[in-house]
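Start at 1 and go down the list; that is how both ligands and their atoms are numbered.
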Amino acid sequence: MEINTHNAEILLSAANKSHYPQDEIPEIALAGRSNVGKSSFINTLLNRKNLARTSGKPGKTQLLNFFNIDDKLRFVDVPGYGYAKVSKTERAKWGKMIEEYLTSRENLRAVVSLVDVRHEPSTDDVQMYEFLKYYEIPVIVVATKADKVPRGKWNKYESVIKKKLDFDKNDDFIIFSSVNKDGLDAAWDAILEKI
Ligand SMILES: Nc1nc2c(ncn2[C@@H]2O[C@H](COP(=O)(O)OP(=O)(O)O)[C@@H](O)[C@H]2O)c(=O)[nH]1
Ligand SMILES: [Mg+2]
């Protein structure tokens, strides 16, 4: 499929089902803890500086943000988890919103699950991965911030992450850097293969 990635825009933000776009366009959702590099990943894939706003303040985005890419594909930015400074009520609302989307959205083709390459996946990371596996949603694990570790150690970090996640080898695993664009082509290949 030919997709003109220059033709990308934020489409809408949704708190629940009634706000989702009503059509057949395939969606790729992005999940990960706050600050993992989700917005940077979107910006890098779309070759834009600031379409998906990167922010130093984690937990700011509380809605599902839908990005339209050339009317052929959508990215759905899921608010980051693992942000300490939210109340239990907020957290529960957040959980419901994400669960509703992930379990009922027919447009959803795969989830890009972002983890920081430098750290063993957190309990939240593992739970998210298990949740996706349970619902048989294809996953593309993207290990971000690869520029922060020496290339010679990438394999080692990859093994640590895969082991902790109990990684399913049918899923994709991509080492990525939004700083030097490592993994950019691999990420697009994995996404295009799913839609
Ligand atoms: N060195 C480096 N920094 C990154 C990378 N991706 C994101 N960051 C930085 O990490 C912080 C959080 O990134 P952001 O994309 O806003 O994360 P989000 O909260 O998951 O959307 C920002 O300061 C980014 O500049 C990366 O690949 N390499
Ligand atoms: Mg963000």
Side-chain angles (χ1 to χ4, degrees), residues 5 8-15 27-69 73-86 90-91 93-95 97-98 101-102 110-129 131-132 139-158 160-161 165 172-191:
T5 54
E9 55 176 3
I10 174 113
L11 181 68
L12 58 86
S13 299
E27 291 173 354
I28 299 286
L30 300 103
R33 53 183 302 133
S34 301
N35 242 15
V36 71
K38 225 149 30 81
S39 300
S40 304
F41 177 82
I42 296 174
N43 287 334
T44 302
L45 261 66
L46 299 177
N47 198 20
R48 294 278 280 270
K49 275 218 162 61
N50 215 8
L51 181 68
R53 208 149 54 89
T54 50
S55 159
K57 286 187 191 162
K60 267 187 95 176
T61 5
Q62 300 297 348
L63 300 166
L64 298 165
N65 289 311
F66 289 72
F67 296 89
N68 170 26
I69 304 154
L73 164 67
R74 276 193 295 266
F75 285 163
V76 182
D77 191 2
V78 171
Y81 50 79
Y83 182 50
K85 286 179 190 143
V86 297
E90 282 296 307
R91 203 182 293 267
K93 256 200 324 198
W94 172 92
M97 177 175 79
I98 288 162
Y101 176 80
L102 293 176
V111 172
V112 174
S113 185
L114 295 99
V115 295
D116 189 316
V117 74
R118 299 167 294 174
H119 309 300
E120 185 175 73
S122 67
T123 309
D124 286 331
D125 292 329
V126 173
Q127 275 179 10
M128 174 57 81
Y129 189 72
F131 181 91
L132 296 169
V139 185
I140 301 166
V141 173
V142 167
T144 62
K145 311 196 184 183
D147 56 284
K148 296 202 180 216
V149 300
R151 211 167 269 268
K153 292 198 174 147
W154 282 9
N155 278 335
K156 193 196 102 194
Y157 285 99
E158 179 170 339
V160 169
I161 294 167
L165 291 178
D172 293 289
F173 188 97
I174 294 160
I175 305 241
F176 189 85
S177 165
S178 62
V179 170
N180 58 29
K181 304 201 186 329
D182 275 309
L184 176 61
D185 291 344
W188 266 122
D189 287 350
I191 288 168

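In this structure, the side chains of S178 and N43 stay at 4.5 Å or more apart for every pair of heavy atoms. Taking the side chain as every heavy atom from C-beta outward, F75 and I191 approach each other to under 4.5 Å. Between I175 and D182 there is no side-chain heavy-atom pair separated by less than 4.5 Å. Looking at heavy atoms from C-beta onward, V115 lies out of side-chain contact with T144 at the 4.5 angstrom threshold. Residues R48 and F67 fail the side-chain proximity criterion, which asks for heavy atoms closer than 4.5 Å. Side-chain atoms of V36 and H119, non-hydrogen and from C-beta on, never get closer than 4.5 Å to each other.
Set against the non-hydrogen atoms of S40, the atoms of ligand 1 under 4.0 Å away are 6 (N), 7 (C), 13 (O), 14 (P), 15 (O), 24 (C). Less than 4.0 angstrom separates some heavy atom of S177 from each of these atoms of ligand 1: 27 (O). Taking every non-hydrogen atom of S178 and a distance limit under 4.0 Å, the qualifying atoms of ligand 1 come out as 5 (C), 6 (N), 7 (C), 26 (C), 27 (O). Close approach of ligand 1 to K148 (heavy-atom distance below 4.0 Å) involves ligand atoms 1 (N), 2 (C).
Remark: among candidates K38, K145, R33, the nearest residue to atom 10 (O) of ligand 1 is K145, based on non-hydrogen atoms.
Taking only nitrogen or oxygen atoms, main chain and side chain alike, F41 does not reach within less than 3.5 Å of ligand 1. For a threshold of 3.5 Å applied to N or O pairs, the pair formed by V36 and ligand 1 contains at least one separation below that value.
Inclusion of S39 in the first shell of the Mg ion (ligand 2) is supported: an N, O or S atom falls under 2.8 Å.
A donor-acceptor pair under 3.5 Å is absent between the side-chain atoms of S113 and the main chain of Y129, judged by distance alone.
The proximity of D147 to ligand 1, defined as any non-hydrogen pair under 4.0 Å, is limited to the side chain.
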